[in-house]
Enquirer: 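Handing you this structure, nothing more for now.
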Amino acid sequence: QVQLVESGGGLVQAGGSLRLSCAASGRTFNNYAMGWFRQAPGKEREIVAAISWSAGRIYYADSVKGRFTISRDNAKNTVSLQMNSLKPEDTAVYYCAADYGRINLAAEKSYTYWGQGTQVTVSS
């Protein structure tokens, strides 16, 4: 089992920045691919960004390219999402997800383990 706990959400004005963090425990973190997903009210959950276990593969949704940066620290068992130039349409609950090995980073069904989510609200 892998336990994931997100932090760093909050309320920010459009154009501002937030940094989300996800702390993992329970297994050897550096064997796991990690992803960030989000779900806005009334919408389906969607991929935001993901990173392979070695950071050799990174995926970004088109909507966040150039604004968000995903990174991981295997020594600290954490993955982070730096979000800059935030827009009201970025408002959502953001989830951290993980799964073992070489997976399709962009596919929600690839991930077995999920955090509880953290709310990000961007005001206009």
Side-chain angles (χ1 to χ4, degrees):
Q1 290 289 333
V2 174
Q3 293 79 44
L4 303 172
V5 179
E6 303 97 336
S7 61
L11 173 63
V12 64
Q13 289 188 334
S17 298
L18 281 174
R19 186 177 181 87
L20 304 183
S21 292
C22 174
S25 61
R27 288 290 179 92
T28 305
F29 177 73
N30 59 355
N31 291 332
Y32 282 74
M34 305 294 296
W36 284 99
F37 290 75
R38 67 186 181 188
Q39 187 168 21
K43 295 187 177 181
E44 293 188 352
R45 189 157 56 186
E46 62 178 2
I47 180 73
V48 176
I51 187 167
S52 64
W53 66 272
S54 66
R57 292 185 297 138
I58 292 178
Y59 175 89
Y60 292 104
D62 288 343
S63 59
V64 306
K65 281 181 181 176
R67 300 189 299 124
F68 291 11
T69 301
I70 189 170
S71 60
R72 66 188 295 158
D73 185 336
N74 288 343
K76 296 182 178 179
N77 287 5
T78 59
V79 62
S80 298
L81 185 68
Q82 178 66 42
M83 305 186 295
N84 299 329
S85 302
L86 282 161
K87 305 175 181 179
E89 51 263 44
D90 294 318
T91 295
V93 177
Y94 283 70
Y95 298 90
C96 177
D99 212 299
Y100 181 85
R102 185 175 179 86
I103 63 171
N104 180 346
L105 294 176
E108 181 177 346
K109 64 181 181 180
S110 295
Y111 297 87
T112 300
Y113 304 102
W114 293 83
Q116 293 299 307
T118 185
Q119 177 70 46
V120 171
T121 303
V122 184
S123 62
S124 57

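Note that the numbering runs from 1 along the sequence shown for the chain.
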Enquirer: Kindly give the cluster partners of Ile47, where membership spreads through any ILVMFWY side chain lying under 4.5 Å from a current member.
Expert: Phe37, Tyr59, Val93, Tyr95, Ile103, Leu105, Tyr111, Trp114
Enquirer: For Lys109, enumerate each residue passing the side-chain contact (heavy atoms from CB on, under 4.5 Å) test, keeping only those at least two apart in sequence or located in another chain.
Expert: Ala107
Enquirer: Test of understanding: with side-chain contact (heavy atoms from CB on, under 4.5 Å), list the residues that count as partners of Thr112, not counting sequence neighbours.
Expert: Asp99
Enquirer: Any heavy-atom pair between the side chains of Gln119 and Thr91 that's under 4.5 Å?
Expert: yes
Enquirer: Give a yes or no on whether Trp53 and Ile51 share a hydrophobic cluster (residues Ile, Leu, Val, Met, Phe, Trp, Tyr; joining criterion: side-chain heavy atoms under 4.5 Å apart).
Expert: no
Enquirer: Applying side-chain contact (heavy atoms from CB on, under 4.5 Å), can you list everything that pairs with Gln13, at least two apart in sequence or on another chain?
Expert: Ser123
Enquirer: What's the spacing between Ser7 OG and Tyr94 OH if we round to 0.5 Å?
Expert: 15.0 Å
Enquirer: Taking atom CZ as the centre, does Arg102 end up with more than 12 heavy-atom neighbours from other residues, nucleotides or ligands that are less than 6.0 angstrom away?
Expert: no
Enquirer: Would you mind listing every disulfide (SG to SG under 2.5 Å) that reaches into residues 33-92, with sequence neighbours excluded?
Expert: none
Enquirer: Residues two or more places apart in sequence or in another chain: which of them pass ring pair (Phe, Tyr, Trp, His ring centres under 6.0 Å) with Tyr32?
Expert: Tyr100
Enquirer: May I have all residue pairs that pass disulfide (SG to SG under 2.5 Å) and include part of residues 16-121, sequence neighbours excluded?
Expert: Cys22-Cys96
Enquirer: Nearest 0.5 Å, please: how far is CZ in Arg38 from CG in Asp90?
Expert: 5.0 Å
Enquirer: Which residues satisfy the salt bridge (Lys or Arg N to Asp or Glu O under 4.0 Å) test with Arg45, sequence neighbours excluded?
Expert: Glu108
Enquirer: Please report the interatomic distance CG(Asn77) to CG(Leu4), rounded to the nearest 0.5 Å.
Expert: 10.5 Å
Enquirer: Applying a strict under-4.5 Å side-chain criterion to I, L, V, M, F, W and Y, I'd like to know whether Leu86 and Leu11 cluster together.
Expert: no
Enquirer: OG1 of Thr118 to CG of Leu81: how many Å apart, nearest 0.5 Å?
Expert: 11.0 Å
Enquirer: Just jot down the salt bridge (Lys or Arg N to Asp or Glu O under 4.0 Å) partners of Lys43, sequence neighbours excluded, or say none.
Expert: none
Enquirer: What pairs with Ser85 under side-chain contact (heavy atoms from CB on, under 4.5 Å), at least two apart in sequence or on another chain?
Expert: Arg67
Enquirer: Checking side-chain contact (heavy atoms from CB on, under 4.5 Å) against Lys76, which of Asn74, Asp73, Val79 comes through?
Expert: Asp73
Enquirer: When you compare the side chain of Ser71 with that of Gln82, does any pair of heavy atoms fall below 4.5 Å?
Expert: no
Enquirer: Return yes if some donor-acceptor pair links the side-chain N/O of Tyr60 with the main-chain N/O of Gly66 below 3.5 Å, else return no.
Expert: no
Enquirer: To the nearest 0.5 Å, what is the distance between CG on Asn31 and OG on Ser52?
Expert: 12.0 Å
Enquirer: Indicate the atoms forming the closest heavy-atom contact of Lys87 with Val122, along with that distance.
Expert: O-CB, 3.2 Å
Enquirer: Under the salt bridge (Lys or Arg N to Asp or Glu O under 4.0 Å) test, which residues partner Arg72, sequence neighbours left out?
Expert: none
Enquirer: Does Val5 belong to the same Ile/Leu/Val/Met/Phe/Trp/Tyr cluster as Tyr113, with side-chain heavy atoms less than 4.5 Å apart forming each link?
Expert: no
Enquirer: Scan for disulfide (SG to SG under 2.5 Å) pairs involving residues 23-83, sequence neighbours excluded, and state none if there are none.
Expert: none
Enquirer: Keeping the roles fixed (side chain from Glu6, backbone from Gly117), state whether a donor-acceptor pair exists under 3.5 Å.
Expert: yes
Enquirer: Quick one: does Ser124's side chain have a donor or acceptor within less than 3.5 Å of a partner on Pro88's backbone?
Expert: no
